[in-house]
Amino acid sequence: MKIMKRPNILLTGTPGVGKTTLGKELAQRTGLTYVNVGDLAQEGQLYEGFDEEYQCPILDEDRVVDELEDKMGDGGIIIDYHGCDFFPERWFDIVFVLRTDNTNLYNRLESRGYTGKKLQDNVQCEIFQTIYEEAMEAYKEEIVHQLPSNTPEDLERNLEQIVQQCNYRTQFTQAARRTIPMSFGNGSASHFDWVRDMPHYDQVPIGSLPWGQQAPYPLGGEVAASSYDSLPPPPLPENPPVGPDFYPSDVEDQVDDAMDIKPVRRFIPDSVKNFFRASGNQGSKKWTFPPPPPDVNTTTEGVLCSPPHSRAPSPTAPSSYLDPYGGSGGSYNSRKEQATLLGEPLESVSGRSLQTAMTYSEKVEEYNQRYAYMKSWAGLLRILGCAELLLGAAVFACVCAYVHKDNEWFNMFGYSMHSVYGGMYGGTSMGGMYGGTGMSYSGPLTPFVIVVAGMAWIVTVILVVLGMTMYYRTILLDSSWWPITESVINLALALLYLSAAIVYVRDTVRGGLCYYPHFNAGPNAGFCRTEAGQNAAIIFLFLNMLLYLVGAGVCLKLWRHEAARMRRERMGQDMKSEGLPLNMIGAGSSVSVPIQTAPVMASSESYDGKPVNPVMMEPEILRGHIPAGHIPKPVVIADYVAKYPTIQSDEERERYKAVFNDQYAEYKELHAEVQVLTQKFEEMDNLMRNLPQQPSSKIEQERINSIIQDYNRKKADPTYQEKRERCEYLKSKLAHIKQKIQEYDKVMDWNDGYS
Ligand SMILES: Nc1ncnc2c1ncn2[C@@H]1O[C@H](COP(=O)(O)OP(=O)(O)OP(=O)(O)O)[C@@H](O)[C@H]1O
C-alpha cells in the first residue's frame with residue numbers, strides 16, 4: 001500500500017467572493033488544513049508597512065512565503081488569499097478562482113461597510129477578472145479553474161466539485177504511480193507531481209466519474225492506493241461564473257472584521273509589466289474563459305490590478321478619488337487599466353455593426369475609462385504641458401544653434417552700442433547718426449532667451465509630473481488655491497516667453513538696425529541675415545507663449561469646474577443627510593457613496609412572488625470608519641429600474657422587446673381578469689347600496705348578512721389582491737421598458753439621421 005501526500009489547494013478571488021466560506025467548509029469536509037493568509041499575517045505581524053491610500057497594512061510577501069514553506073511541503077493545505085502571484089508555483093496542485101456576479105459582490109462588500117473608492121476598486125477588479133488573470137499568469141492554465149460563488153447552491157456545488165476533483169486526483173495519481181513507478185524515482189510521491197502527471201481536463205469525457213465511486217471524504221488523512229484504473233476527471237463548472245444565471249439571490253448580513261492586507265507590489269512599473277504580459281499572452285496563453293453574456297457588466301479582456309483590501313475606508317479620502325480617471329488615475333487599478341488599455345486599438349463606439357464581441361456599453365465604458373482623464377480640464381492641462389515641453393525644447397535647440405553669431409557680434413562690437421558706433425562712426429550715437437530715431441541696441445540678449453526657455457521647461461516638467469500624481473488629483477485639485485496658482489504660474493511663463501520672443505526678434509534684426517541699409521551692408525550683413533532656424537525659434541517662442549496663455553485660461557476654467565464640483569458634492573451630501581430622494585441629487589454629483597450608480601436591486605417582488613410596492617428609504621451617510629456591527633440600511637427601488645437601465649445596443653433592445661412582449665401577454669390576461677373582478681365588485685357595491693336598511697324578516701336579515709359576508713370575503717380575497725398588485729407592477733414595469741426602448745430608438749434615429 002502506497003502512502004501519498006495530500007493536495008495543496010489555492011482559493012483565490014476578489015475580496016468578498018466567498019473564499020473564506022468555501023475554504024472553511026472544505027477543510028471541514030476533507031480534513032485539509034485551512035490557512036487564511038490575512039489571519040496568518042495578522043497573527044505573525046507579517047507586514048512591511050502601511051498603505052496610506054487604502055489605509056491598510058502592507059503584506060510582507062517574502063515573510064508570508066517563508067512562514068508557509070514548511071507546511072506547504074507537507075501537503076494538505078488550503079490557502080485563502082485575494083492575491084496569488086507571489087506564492088511559488090510549485091506549491092499548488094490546483095487553483096480555484098471564485099467569481100461573483102458584480103451586483104452580488106457589490107452588495108456583499110457594501111454590507112461589510114465598504115464604500116467609495118475601496119468598494120469601486122474591488123468591484124472593478126472582479127469586473128476585469130483581475131485575480132483570474134493573475135492566476136492564469138502565475139500557474140499552469142490546466143490547474144486554474146473558475147468557480148461561480150453567487151448562491152448557497154453554488155457553494156454546495158463547488159464543495160462537491162472540489163472534493164470530487166481531489167478524489168479524482170488522488171485516485172488517478174495512485175493509479176499512475178502504480179502503473180509507472182519509475183517515473184517517481186524512489187517511489188516516494190511528491191504531491192507536486194500530481195498535476196504534471198495528469199491528463200489535460202479536456203482530454204477526458206466530462207462527468208464520467210460516478211459519485212458512488214468516491215469515498216466521501218478521503219482527503220482527511222493519508223490516502224491508501226486503491227485503484228489501477230486511470231480515472232477521468234469530474235465535471236468542471238461549465239457555466240460562466242458570472243451572468244444572468246447568477247443573479248443575486250442572497251442577503252448578506254455579515255460584517256467582516258478580519259484584518260485586511262494589501263499585498264506588496266513589485267517595483268516594476270505596471271506599464272512595463274503589462275507590456276510583457278500582453279506580448280506573452282499573444283504567444284502562449286489562450287483565453288479560455290467563456291465570453292460573458294451581453295447584459296453582464298464584464299469586459300472580455302481582463303486587466304490586472306491589485307484588489308485594495310483594507311479594514312476601513314479612508315475617512316479622509318476626498319471625493320475626487322471616485323472619478324476613475326478624472327480623479328483617481330493614480331491608483332493602482334487605474335494605472336493598470338490605463339497601461340493595458342492604452343495598448344489596445346480603440347473601436348468605434350458609434351458603429352452599430354461593430355457590436356459583436358463587446359456590448360456597446362462595454363465599449364463606451366472602456367472608451368470613457370481610457371480617455372476620461374484626458375477629457376477633463378486637468379487632462380487638457382497635461383496635454384498642453386507636453387506640447388509646451390516640445391516647443392520649449394525646440395526653442396532651446398534653435399536658439400543655441402545660432403549662439404555663434406552672438407560670439408561674432410561680441411568679437412566685433414562688444415556689448416556697448418555706444419562704443420560700437422562711437423568707434424566705428426566717429427563717436428556718433430545711433431540716435432544722432434540716424435536722425436534721432438531713438439534706436440538703440442546694446443548687443444545680443446540670447447542668454448536671456450535660453451534662460452527663459454530652460455526655466456520654463458523645468459517648471460513645466462514639474463507641473464506635468466505633478467499633474468499625473470495622486471497628490472495633484474486628490475489634494476491639490478480639492479484645494480481652492482491651487483488652480484489659481486497654476487494659472488498664475490502659466491501666465492508668468494507666458495509673459496516671460498513673450499519678453500523672450502521680443503528680445504529674440506530684436507536680436508535677429510539687431511535692434512532694428514538691419515532695417516537701415518547703411519548698417520545692413522558689408523560685414524554687418526552677415527549679422528542681419530536671418531537663418532531658417534532663427535525664424536523657427538521666433539515662431540516657437542510665440543507659439544509657446546500662446547500655449548502658456550491658453551494654459552492659464554484652462555487653469556481658470558479648472559478652478560471654476562472644481563469649485564462647482566465641490567459645491568455639488570456639498571449639496572449632494574446635504575440633501576442626503578436631509579433624507580431627500582436620491583434622484584434629486586444631480587447626475588454629475590460625485591458624492592462619496594455612489595448610490596445612484598450602485599446596482600441596488602431590491603426586488604419589488606417579494607420572495608413568495610408577491611409584488612411589493614417600491615419604497616424609497618432614507619439613505620445613510622457614513623463618515624469615517626464604519627462602526628463594528630454596522631449594517632447599512634438598504635436603498636430600495638423597483639427592481640426593473642435597476643434591471644432595465646438605458647439600452648446600449650441592438651441586442652439589448654431585442655432582449656427588452658422580448659421581455660416586453662412576454663410580460664405584456666401576462667399583463668393583458670391579468671388585466672382582463674382584474675377588470676372582470678372589479679366590475680363584479682362594482683355590481684356588488686350597487687347591490688350593497690340597495691340592500692334594505694330595515695329587513696322585514698329574519699330570513700331577509702340572514703340573506704343580507706350572507707351577502708355582506710360574501711362581499712367582504714371577496715374583497716379581501718388574497719388572490720384578487722395579488723392579481724391587482726401584480727397587474728399594477730407589470731403596468732409600471734412595461735411602461736418603464738417601453739420608455740427605454742423608445743428612448744433608444746430616438747437616439748438611434750437621431751444618430752442615423754446625423755450620419
Ligand atoms: N456561495 C455563496 N453564496 C452566497 N453567499 C456567499 C457565498 N459565499 C460567500 N458568501 C457570503 O459572502 C460574504 C463574504 O464571504 P467571505 O468572507 O467568505 O468572502 P472572502 O472572499 O473570503 O472575503 P475576504 O477575501 O475579504 O476574506 C459572506 O457574508 C458570505 O456569507
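What you see is a predicted model; the values in this text were computed from it and never measured. Scope of the values below: all heavy atoms of this structure, side chains included, with no hydrogens, waters or symmetry mates. Order of appearance sets the numbers: ligands from 1, and atoms from 1 within every ligand.
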Is there a polar contact, in the sense of an N or O pair closer than 3.5 Å, between [X] and ligand 1?
X: Tyr114; result: no
X: Pro15; result: no
X: Asn36; result: no

**Prompt:** Between Asp121 and Tyr114, does any side-chain donor sit less than 3.5 Å from a side-chain acceptor?
**Reply:** no

**Note, Ile9 side chain near Thr30 side chain (heavy atom, < 4.5 Å)** = no

**Validation row: Leu68, Trp91 side chains within 4.5 angstrom (heavy atoms)** = yes

**Asked** To which of Leu105, Thr151, Thr100, Asp154 does the heavy atom nearest atom 1 (N) of ligand 1 belong?
**Response** Thr151

**Message:** Considering Asp39, Thr14, Thr20 one by one, which has a heavy atom nearer to atom 27 (O) of ligand 1 than any of the others?
**Reply:** Thr20

**Prompt:** side-chain contact (heavy atoms from CB on, under 4.5 Å) with Met136: which of Ile131, Val97, Val95, Val144?
**Reply:** Val144

**Complete:** Quick look: Lys19 vs ligand 1, heavy-atom contacts under 4.0 Å, and the answer is both

**Message:** So that I know where these two stand, are Tyr139 and Phe87 an aromatic pair - ring centroids less than 6.0 Å apart?
**Reply:** no

Where ligand 1 meets [X] - atom numbers and elements under 4.0 angstrom, heavy-atom basis:
X: Asn150; result: 3 (N), 4 (C)
X: Thr21; result: 9 (C), 15 (O), 16 (P), 18 (O), 30 (C)
X: Leu155; result: 1 (N)

**Prompt:** Taking 4.0 angstrom as the limit, do Arg29 and Glu156 come out as a salt bridge?
**Reply:** yes

**salt_bridge(Arg157, Asp154) N-O dist < 4.0 Å** = yes

**Prompt:** At the 4.0 Å heavy-atom cut-off, does Gly16 count as touching ligand 1?
**Reply:** yes

**Prompt:** Does Arg112 reach ligand 1, in the sense of a heavy atom lying below 4.0 Å from it?
**Reply:** yes

**Message:** Below 30° counts as parallel, above 60° as perpendicular, anything between as tilted: where do the rings of Tyr640 and His736 land?
**Reply:** tilted

